[in-house]
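The structure appears below as structure tokens.
Computed from a prediction, not measured in an experiment: that's the story for all the values here. As the structure lists them, so they are numbered: ligands from 1, and atoms in each ligand from 1.
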Amino acid sequence: MRVSELLIPTLREVPAEAEVVSHQLLLRAGFIRKVAAGVYTFLPLAQRVLLKIVAIIREEMNREGGQEIMMPIVQPAELWLRSGRWDVYGPELFRLNDRHDRAFCLSPTHEEMVTALVAGEVRSYKQLPLLLYQIQNKYRDERRPRFGLLRGREFIMKDLYSFHRDERELDITYRAMYNAYARIFTRMGLGFRAVEADTGAIGGSASHEFMVLADSGEAVVVYCPDEACGYAANEEKADSLFAPESRGHEGRLELVATPGMRTVDEVTGFLGVSANQLIKTLLYRTERGLVAALIRGDREVNEVKLQNHLGVLNLELAGAEAVEAVTGSPVGFSGPVGLSVPMVVDREVEVIKAGVTGANKADAHYLNVCPGRDFPVEDVADIRLAAAGDPCPRCGQPLQSVRGIEVGQVFKLGEKYSRVMEAFYLDEQGAKLPMVMGTYGIGVSRSMAAAVEQNHDAEGIIWPPSIAPYHAAVLPVNNQDAEQVAAARRVYEAITAAGLEAVLDDRPERPGVKFKDADLIGYPVRVTAGRHTAEGLLEVRCRKTGESLLVNEDEVVAAVKRLIKK
Ligand code: ATP
Ligand code: MG
């Protein structure tokens, strides 16, 4: 393709609204344009990258026996009412009514629809396992659409659903999908890590997330540095070794004045106690009313664990008004002594002997608080957020943490959807049994952005060759020089004839502009016909390493091939 004919609207300025590098570069390099918050148009270069990602995914899904289908994006509310998710999904679900006032939604995912399909079409064990997948748009009215393609409200997903006779058969497919995902992200040139993930909200027995490691990632991964151990989990799911140490000696409960001391730092500094003696009392609002979570002063609550433990759909920190109403004191002075809401006590709090807590009075705390003696300890659970430095739950070594972008997730669903959508099969004995299911997603558009997060420099994007929009850009330095123009055209044609993809930058622009654009867009290789063209030599340059060589015109194709293999 000639660049003069392509729609590649590059920008010189960094767009103000773009906070992360992938968002900035995809806008600047002319890949995407925003239509509304979290809704983007993919311009020609982006569409080429997406199609390459899709081709890799499709190949690997087909290899594992996946059959591609295409289900509707518009889904009737009845399906979602049957599974109970019409209410559970909450405001993230895009809802609409048709002209007859019947309720529909735009699909955020397809468990309901695919299970209803299979329930109607599959009867016998002989038809299982069945693996169905699709690649299409998904819709989620995210609370905070941001970071460009990383968290959109309309985005592209590959979703595969597997149906099985039993857990054992599901295990085999789960493993196969896990391995296929590893191949997919490797082929895309991404540095990733598969980590244990929470299964709470959908309710399943095992799950892994594939995380692209990047500072801009919204997820935190906790992992053991010992490779032989290999423990790695999403922070939401991660455990750490629990070594019960009781702290302090029992003493008499004592009320002390702590004027204006609200935060952990203020209270510990003022009273001269350590943060691990402090018992924080956090009040959460749920659909079952207020709940207090008690956690050590040096820890944070893992809200996913707390929510799973309580089995509630909504969990949100209570506002100042609610806190005052139930404790009778301003925020910062809540405590469990005399508190009349249900309490979840973290297992590290249970073993404290002489704790410090808010006194449910303004400007006052209690000393020598003894769980079980001074407040009831009925509901003990692990509700703390694991953090770097904690002992690994498997081997005890200090854990480390990194940020990651979740690009894919595999999930053992079990029978949750097959039971409610009545996806049953008959086994050899004629017994009617619910199918056992798995669900496996990849964020296609998010993966494209994740690739940019990992592969860029100050000049622009550096596409991994397997998903680059084109392998090479060919450009004559001087558009007025007939020899350079002719050589560039010949080389462009030779590269294309060799089955590679190239653009010819034939624009009447200054060389600096063409070089800058090529670097910004991130073609893996740039071929330049410049002042050595008269001697039959062209410059071939690798975008990633900066390596540059002068080669004979008839060796350019071989050089390009070599560089895109790097
Ligand atoms: P997240 O925790 O990031 O919100 P999720 O767990 O809700 O994601 P899944 O339901 O597992 O996401 O969806 C499968 C894949 O779809 C994810 O692994 C991710 O790559 C992608 N994805 C999910 N939400 C978005 C979004 N808002 N924008 C772009 N991609 C998304
Ligand atoms: Mg997920």
Side-chain angles (χ1 to χ4, degrees), residues 20 22-23 26 32 34-40 42 46 50 53-54 57 61 83 85 88-94 106-112 114 133-161 177-178 180-182 184-185 188 190 192-204 206-214 216-221 233-237 303-304 307-308 403-413 417 438-454:
V20 295
S22 61
H23 191 192
L26 289 170
I32 59 169
K34 179 174 158 180
V35 176
V39 181
Y40 291 87
F42 298 103
L50 288 173
I53 296 174
V54 162
I57 294 174
M61 291 297 104
S83 71
R85 283 209 289 185
V88 176
Y89 233 92
E92 231 179 74
L93 198 60
F94 272 108
L106 300 181
S107 60
T109 178
H110 277 78
E111 279 84 9
E112 281 80 356
V114 76
Y133 78 97
Q134 57 175 359
I135 302 170
Q136 60 160 209
N137 283 357
K138 293 283 184 275
Y139 296 84
R140 295 183 187 176
D141 197 357
E142 299 271 359
R143 187 198 296 257
R144 294 188 69 191
R146 58 182 183 160
F147 300 157
L149 301 184
L150 288 175
R151 187 165 296 283
R153 294 196 296 167
E154 174 179 278
F155 58 96
I156 306 170
M157 198 202 283
K158 182 285 301 181
D159 43 330
L160 184 142
Y161 307 90
M177 280 296 134
Y178 181 103
Y181 274 36
I184 287 167
F185 297 122
M188 285 176 61
L190 295 174
F192 66 93
R193 186 159 198 150
V195 309
E196 291 178 19
D198 174 60
T199 52
I202 317 187
S207 176
H208 287 86
E209 286 164 342
F210 286 76
M211 297 284 191
V212 163
L213 306 179
S216 53
E218 289 185 277
V220 174
V221 171
N234 188 320
E235 167 189 73
E236 292 177 345
K237 152 90 181 170
E303 294 182 355
V304 173
Q307 187 167 359
N308 291 343
R403 300 197 78 88
I405 301 166
E406 181 199 321
V407 286
Q409 183 165 22
V410 293
F411 206 112
K412 288 187 195 174
L413 272 179
Y417 290 93
T439 174
Y440 318 83
I442 291 182
V444 178
S445 43
R446 183 183 278 185
S447 292
M448 169 158 108
V452 178
E453 290 292 331
Q454 269 191 346

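- Between Arg446, Lys158, Glu92, it is Arg446 that holds the heavy atom closest to atom 19 (C) of ligand 1.
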**Message:** Met157 vs Ile442, test: side chain to side chain contact (heavy atoms under 4.5 Å, CB included). Steps then yes/no.
**Reply:** CA-CA 6 Å; Met157 198 202 283; Ile442 291 182; 5.8 Å; no

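- Of all the heavy atoms of Glu218, none lies under 4.0 Å from any atom of ligand 1, so neither backbone nor side chain is involved.
- Classified by interplanar angle (parallel below 30°, tilted 30° to 60°, perpendicular above 60°), the ring pair Phe210/Phe192 is tilted.
- Using 4.0 Å as the threshold, Gly152 has a heavy atom nearer than that to some atom of ligand 1.
- Atoms of ligand 1 found under 4.0 Å from any heavy atom of Gly408, numbered from 1 in the order shown, are 18 (O).
- By the 3.5 Å distance cut-off applied to N or O atoms, Phe155 is not counted among the residues near ligand 1.
- For the residue pair Glu111 and Tyr417, no side-chain donor N or O sits within less than 3.5 Å of a side-chain acceptor on the partner.
- Polar contact with ligand 1: absent for Ser445 (N/O pair, distance under 3.5 Å).
- Checked by distance only, ligand 1 and Gly441 stay at 3.5 Å or farther apart across all their nitrogen or oxygen atoms.
- Among the atoms of Glu209, none of the N or O lies under 3.5 angstrom from an N or O of ligand 1.
- For Arg85 and Glu112, the salt-bridge test passes: some basic side-chain N is under 4.0 Å from an acidic carboxylate O.
- Counting heavy atoms from C-beta outward, Arg403 and Leu213 have side chains that stay 4.5 Å or more apart.
- Close to ligand 1: Leu150, with a non-hydrogen atom less than 4.0 angstrom away.
- Contacts between Met157 and ligand 1 below 4.0 angstrom, taking non-hydrogen atoms only, involve the side chain exclusively.
- At a heavy-atom cutoff of 4.0 Å, ligand 1 is contacted by the side chain of Glu142 but not by its backbone.
- The shell of residues lying under 4.0 angstrom from ligand 1, judged by heavy atoms, includes Val407.
- Met61 CE to Met177 CE: the interatomic distance, rounded to the nearest 0.5 Å, is 4.5 Å.
- With salt bridges taken as basic N to acidic carboxylate O contacts below 4.0 Å, none links Arg143 and Glu92.
- For Glu235, the side-chain contact (heavy atoms from CB on, under 4.5 Å) partners are Val220, Val222, Leu385, not counting sequence neighbours.
- Residue-ligand proximity: Leu149 is placed with a non-hydrogen atom under 4.0 Å from ligand 1.
- Centroid-to-centroid, the aromatic rings of Tyr161 and His110 stay 6.0 Å apart or farther.
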